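To find a chain, count down the sequence lines: A is the first, B the second, and so on, and within it residues start at 1. Computed from a predicted model, the values in this text were never measured in an experiment.
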Amino acid sequence: MANFTHLPTIPPPPLFSIYAGDLHHHVTERDLYSLFSIIGPVHNIHLFRHPFSHKSLCYAFIHFYFPHYAAVALNSLNHIELRGKPIRLMWVQRDPVLRKVGIGNLFVKNLDSSVNDAELQEVFGVFGVISSCKIARDGDGVSKRFGFVQFCSEDSASCALSALNGSVLHGKILTVAKFLKKSERKEPQFTNVYVKNLDKDFTESSLREKFSEYGKITSAVIMNDAEGKSRGFGFVNFESHESAMKAIDGLNGAEIGTKKWFVGKAMTKSQRAEFLRRAHIKQKPNVSNLIVRNLASFVTENDLKQVFGAFGNVTFVKVSYRNGVSSGMACICFSKLEEARKAIAFLNGCFYNGRYMSVSLAWHKEEQAKHLQTLLALRYKPPFAYKEKKVRKEVLANKESSCECDVDGFVLVDKPSGNSEWDV
DNA sequence: GATGAGCGC
């Protein structure tokens with residue numbers, strides 16, 4: 001019999017209320033009420049909505065009159081599909097520390113793509129009480145073939161790990177490991193080395209010879225074209241990471257034959273694509289581009305060229321027009337970041353043609369997206385005007401949302417009567 | 001090969 005006493009366990013939660021997460025964004029209070037009432041009398045449902053747009057935040061609380069029904073609902077309705085998406089149920093746990101400690105959290109990979117959340121729960125549930133489990137899916141709901149199972153106790157998790165790691169499910173050998181955050185996981189150490197700028201007559205055996213002084217090699221190839229001629233690059237795989245590092249250190253930039261070799265870590269196609277994408281962003285930092293907002297509609301590109309030209313060399317001016325009408329925004333490029341900064345310091349907030357101009361550095365699109373994600377993660381509350389604009393953008397982007405209306409500059413979607421709580 | 005997100009009146 002296992003000794004449970006020394007292992008941490010999540011304490012029993014309040015027993016009337018269930019948290020429902022991962023909801024499809026079109027799931028409504030009514031959908032939830034219809035579903036949960038099947039089990040027993042529901043006291044109320046709170047589907048959380050954005051305070052301005054009233055779009056669903058995709059999670060809800062379901063309060064039952066009797067804890068018994070809450071428990072039954074949690075067991076029998078978990079992972080059921082609502083509007084085509086499986087819901088994920090948990091006991092309400094309001095203590096954020098307890099929610100985030102990650103007790104008993106397992107990572108499962110090499111799942112067959114047919115395995116769904118419910119089956120994952122069934123297989124792992126034999127070993128203890130699961131607080132949350134799900135399979136990672138892409139935007140179309142296709143399984144990414146890995147998932148997460150979180151047990152209420154470390155003890156159950158370790159039982160499941162030792163029993164199920166290496167076991168077979170639908171013909172696939174599962175890997176079960178403790179879940180580690182990205183920061184806790186060390187990068188897999190590469191052993192494969194890429195070499196380019198080889199002379200066309202450089203052979204595999206000379207390649208092997210050249211690299212073997214750095215350590216034991218498991219394979220060395222030169223890539224050929226359809227006619228069997230060298231394409232001038234190849235791969236050398238070492239037995240150890242240290243040897244691979246030494247080889248890069250020793251041979252990168254070396255002049256061999258008539259060429260200067262490039263030797264570096266071999267990348268997969270996707271890794272290389274990511275690398276190039278980042279390199280591209282670095283190359284074009286875009287930081288000397290300005291966005292000007294709140295311009296009067298009659299301000300022209302020439303006007304702006306004059307005003308901004310006082311601060312440096314303006315290389316590009318573009319006013320944004322929609323249906324032939326200025327939208328009050330413009331992009332202005334300086335040849336130097338320094339000049340752009342000067343223009344901001346001087347012109348941002350200036351009264352110009354009856355309006356206060358806003359002048360700020362333009363973001364690179366991808367960097368801005370990342371920045372926004374970081375802010376969201378920190379639960380950053382943007383300033384009012386900003387939030388309003390963002391909501392409008394979201395609403396416009398979401399063509400599926402029904403009954404949009406514009407009230408006092410706020411875009412409201414599916415505004416429920418009264419408050420957003422839907423009492424039954 | 002792969003390592004989420006998540007909680008109020």
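Minimum atom distance to the side chain of A:R94 is reached by B:dC9, of the listed B:dC9, B:dG6, B:dT3. Here the side chain of A:F61 is nearest to one of B:dA5, B:dC7, B:dT3, namely B:dC7. Counting only heavy atoms from C-beta on, A:R185 has its side chain closest to B:dT3 among B:dA5, B:dT3, B:dA2. Comparing B:dT3, B:dG6, B:dG1 against the side chain of A:F148 picks out B:dT3 as the nearest. Set against B:dG1, B:dA5, B:dG6, the side chain of A:N105 has B:dA5 as its closest nucleotide. The side chain of A:F146 lies closest to B:dT3, out of B:dG4, B:dG8, B:dT3.
Between the C1' atom of B:dG1 and the CG atom of A:D138 lies a distance of 15 Å, rounded to the nearest Å. Atoms CG (A:L57) and P (B:dC9) sit 12 Å apart, rounded to a whole Å. When the C1' atom of B:dG1 is taken as reference, atom CD1 of A:I135 falls 17 Å away, rounded to whole Å. Put simply, CG on A:L74 is 14 Å from C1' on B:dC7, counting in whole angstrom units. The distance from atom CG of A:D112 to atom P of B:dA2 is 19 Å, rounded to the nearest whole Å. Note: CG (A:L89) to P (B:dA5) measures 19 Å, nearest angstrom. We find that NE2 of A:H63 is positioned 11 Å from P of B:dC9, with the value rounded to whole Å. Across the protein-nucleic acid pair, A:L23 atom CG and B:dG6 atom P stand 11 Å apart, rounded to whole Å.
Using a 4.0 Å heavy-atom cutoff across all strands shown, A:D95 reaches no nucleic acid atom at all. If you check every strand for non-hydrogen atoms under 4.0 Å, A:S132 touches a base. Looking at heavy-atom distances under 4.0 Å, A:K134 makes contact with a base. If you check every strand for non-hydrogen atoms under 4.0 Å, A:D22 touches nothing. Nucleic acid contact class of A:K144 (heavy atoms, under 4.0 Å, all strands): base.
A cation-pi arrangement is found for A:K196 relative to A:F262, the charged atom lying closer than 6.0 Å to the ring centre and inside a 45° cone about the ring normal.
Applying the 4.0 Å criterion to OP1 and OP2 of B:dA2, one finds that A:R145 has every side-chain N and O outside that range.
Side chains of A:S143 and A:S113: a donor-acceptor N/O pair is absent below 3.5 angstrom, by distance only. Side chains of A:N294 and A:S358: a donor-acceptor N/O pair is absent below 3.5 angstrom, by distance only.
No more than 12 heavy atoms of other residues, nucleotides or ligands shown are found within 6.0 angstrom of OH on A:Y356. In the displayed structure, A:R355 atom CZ is contacted under 6.0 Å by more than 12 heavy atoms of other residues, nucleotides or ligands.
Between A:F16 and A:Y69, the ring centre distance reaches or exceeds 6.0 Å.
Applying the 3.5 Å distance criterion, the base of B:dG6 shares no donor-acceptor pair with the side chain of A:R88.
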